[in-house]
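Below, each value reflects all heavy atoms present in this structure, side chains not excepted, and no hydrogens, waters or symmetry copies. Every chain is numbered from 1 and lettered A, B, ... according to where its sequence line falls, protein lines coming before strand lines. Source: prediction; values computed, not measured.
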Amino acid sequence: MSEYYSPEEAQDVFLKANEAYAREDYAAAQAGYEKLLSHGHGGADVLYNLGTTHLARGDLGRAVLSLEQARKQGGRAPDLEANLAVARARQVDKVVGATAEEEFLPRVTAATEGSVVAWTFLGTWVGALLLLLVWRWLTPGRRTGVGVVAALLFAVAVPSGVLLAAHAWVDETVHEAVVLSPTLVARELPQPSARSIFEVHAGLKVRLLEETGRFVRIRLPNGLEGWAEREGVAEI
Amino acid sequence: MRRTGSSGPVAVLVGLALLASSPAWAAGLEFYQTVNREEVGSEDTFLLTVVTVDAPADAKVKLPSSDDFEVVNSSRSTQRSVSWSGGGPANIQDVTKYVLVMRANRAGKLTIPPSEMTTGGKTHRTESVRIDVKPGRLGPPPAQAGRQRLPDPFSNTPSRLPDPFADEPEDEPTIPRGDSDLFLRSSLDRDEIFVGEQVTLSLYIYSRVDLSSVDAVTMPKLEGFWTEEVESPTQLSGEQKVVDGVPYRAYLLRRRALFPVKSGTLSISPAEADITTGFLFAGHRVHRVSNGLKVKVAPLPPGAPQGMSNANVGQWRLSVDVSQTRVELGQPVTVKVILEGTGNVKNVTPPKLTGPAALKIYDPTTTDKVTPQRNRVQGRRVVEYLVMPQRTGTFTLPGLEFPFFDARTRKYEVASTDPITVTVESAAGGTAPPPSTSAHVADSANEQKNVLTSGGLRPVRYQARFVAPSEPLWKRGFFVPLVLAPLGLLAGAALLGGVRGRLATRTEADKGRQQAKAARKRLAEAEKLRAGADAGAFYTEVEKALHGFLGARLGGPVIGLTREAIGERMTAAGVAQERRARVLYVLEACDLGRYGGGGDAAARQKVMDAAVAAMEGWA
């Protein structure tokens, strides 16, 4: 098969992977979905199927990773949430203690679609400014209607711009990841010989705070932090 | 002598007998010194007792002093003894004891120098005492009758504070060198424990000075332990303690329960505290560091039952509380799994409730109640499950088992509960009656059911919308330029308007300047005509030059206006009086010159000068 898939070829690969899944040939199914992703034919559906295949194979870390990526790209869906719940139920780790409240901005951005916000801002912003330009050239008697429409567009553009800034900030600063290694040791310092603080296991969702060398600093939902090997986690 | 009671005659007789017997003060002077141990550790304290018997009142005793020893504490006591022998006079002895609590500064065979007593110009000396000092600590001195231990000065206190160590061995701190008046002491109630067993860490201040406050306490790093706060007093409350014969007040700062999570020899680093002594302005802040500790943690013995965890150590009881055992379909049942006892309450995991598929068991909620008593952590952990019957019938929730290691008996135990039977009936008005043969369906493992649970994996999606990976919209190359473009357009429009406005303004000014320049040029032409024969042409040229100049400076033509009108316009334009007069003079002179014959050269020059003066300096 060539380097690039036509839509028909991609659909064919997808169906074959589904058939492999149905006959419980999970390795073949996984290979099919991953082939689609590597050729630029991804999306929430392919990621969901890949995550479900990983889950069926018992690879909890990659299952959660793919399902979370599917959720990030395509939003929430009942089947996605159900399989994520199954994956969480299989996790070894139980994060106890006062769960740290998720920050306001990540919650806001999770509740809104970034591309919709961006297009809304772009359309209203450009429209409002162009109308303002037209308003300058109009004679005073004909300015009212254009002014009202421009003001309305500004009223939408400003909050959507703030929301877009929040999306951009979260995109730049908040990095969520999933533990892939069956057991990942979190250490006090980014050194292999540093004292181990705790252990996490495949499938746990963590936040990446910083990276140095081959170590990343991870934070658990309850605020527990430590340095873990970079290759043991994968960013969503 | 004080009389007591009403036994007067007897007392008088005794008194007379004493007087008659003429009591004799013992004449023999004794002066000696002894130690309670001949072999001590360099960390141990020992007692040096210096005794004088029947020393004269003016006797001065100089206690031994040596760089090899430090005196931790000293005390002095005096007693008088009266004895009769053989009906003779009473023998009276005055005995004075000086008791020094000492500690060697180095190891080796050391000598305590003699004590000296000076009386009546004569000096008496005791024998020096040799003592063998070994490095480290040899422990307390062997119990000997008589003089080894100082009497506890607080033993007669009517009401003593309750001993917080009643259930544990008394801590025997070592008085640190240099900080003997105030030191910090960490102690454990035991040195050897099992993994998961509680050991209690206590942090005390020992002080012989008044404490004002404890400003900051840094607890040790407790690596390898799960910790629980047991006691953290908010106010300093001291109790009396005698350490190596030295009375101290001991203040509890913190008490924590430690549960080791791994075996081996675990170290506990020293604690630190900033302590203020004294009162008000005489306060003095000092920093103290406590001793470090080690505890040997043994792994749990082999033979652990299935499901045993290292945290399951202590004494535990397991019970199950069910809200109801007979429910209607659709009604939930609350099942509480209760684990209570002594041990690490917050780290034990009660057994998970399981049940038949007909009873859907939701994820539980856990609540803890920790109630430390006598420094032991104990309490209860309740795991509450919501059980929702999925169909009618009689179902059994199996009994639960919780294995644990009882560190007191050093045996594994299993706490267990009985199975629970739940009967689910059809709800009133329900549409799904049970089979007609029986009111309930027995739950049988062999029964073939079409089980439709909500668990399990959801199937894969059969259709896909393929999306190429892409950057967020705001990261694409066109986004920022597109956002900024309208702003640029607006800024460009504003700039264009500004430039046009400024260009218009500049044209007016230039016009004025051009006119003024033309006027000056015309005046230069008039200068050429000044010496000519045609006086009218000269004055006409000067007048035109001045009119042109005035038109440029006053913002409008002035040709045709009367001199009064020109004067008013100059006044309105704020032209100075002198300049106005000069202009009007030139205009009048030009009128006269044109129609009055022209005048001589001097008059022309004067008009020319006046015109130049009127124009110069007019911005």
Tell me, for [X] versus chain B, whether the close heavy atoms (under 4.5 Å) come from the side chain, the backbone, both or neither.
| X | value |
| --- | --- |
| A:A22 | neither |
| A:L164 | side chain |
| A:Q11 | both |
| A:L36 | side chain |
| A:L15 | side chain |
| A:S115 | backbone |
| A:E188 | neither |

A:R71 bridged to A:E81 by N-O distance under 4.0 Å | yes
Check whether any side-chain N or O of A:H41 sits under 3.5 Å from a backbone N or O of A:S38 as a donor-acceptor pair, and report yes or no.
->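 No, A:H41 side chain to A:S38 backbone: no donor-acceptor pair under 3.5 Å.
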Considering residues, nucleotides and ligands other than A:R142, do more than 12 of their heavy atoms fall under 6.0 Å from its CZ?
-> no
Under a 3.5 Å threshold, yes or no: a donor from one side chain and an acceptor from the other, between [X] and [Y]?
| X | Y | answer |
| --- | --- | --- |
| A:D45 | B:Y462 | no |
| B:K294 | B:S267 | yes |
| B:W226 | B:N344 | yes |

If you count heavy-atom pairs within less than 4.5 Å of chain B, which of [options] leads?
| options | answer |
| --- | --- |
| A:N83, A:V126, A:L55 | A:N83 |
| A:W119, A:W125, A:Y48 | A:Y48 |
| A:L130, A:D171, A:V46 | A:D171 |

Could you tell me if the ring centre of A:Y26 sits under 6.0 Å from that of A:Y21?
->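 A:Y26 vs A:Y21: aromatic centres under 6.0 Å.
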Could A:R187 and A:W227 be counted as a cation-pi pair, given that NZ or CZ must be under 6.0 Å from the ring centre and within 45° of the axis?
-> no
Cut-off 4.5 Å, heavy atoms of chain A, and the answer for B:K475 is side chain
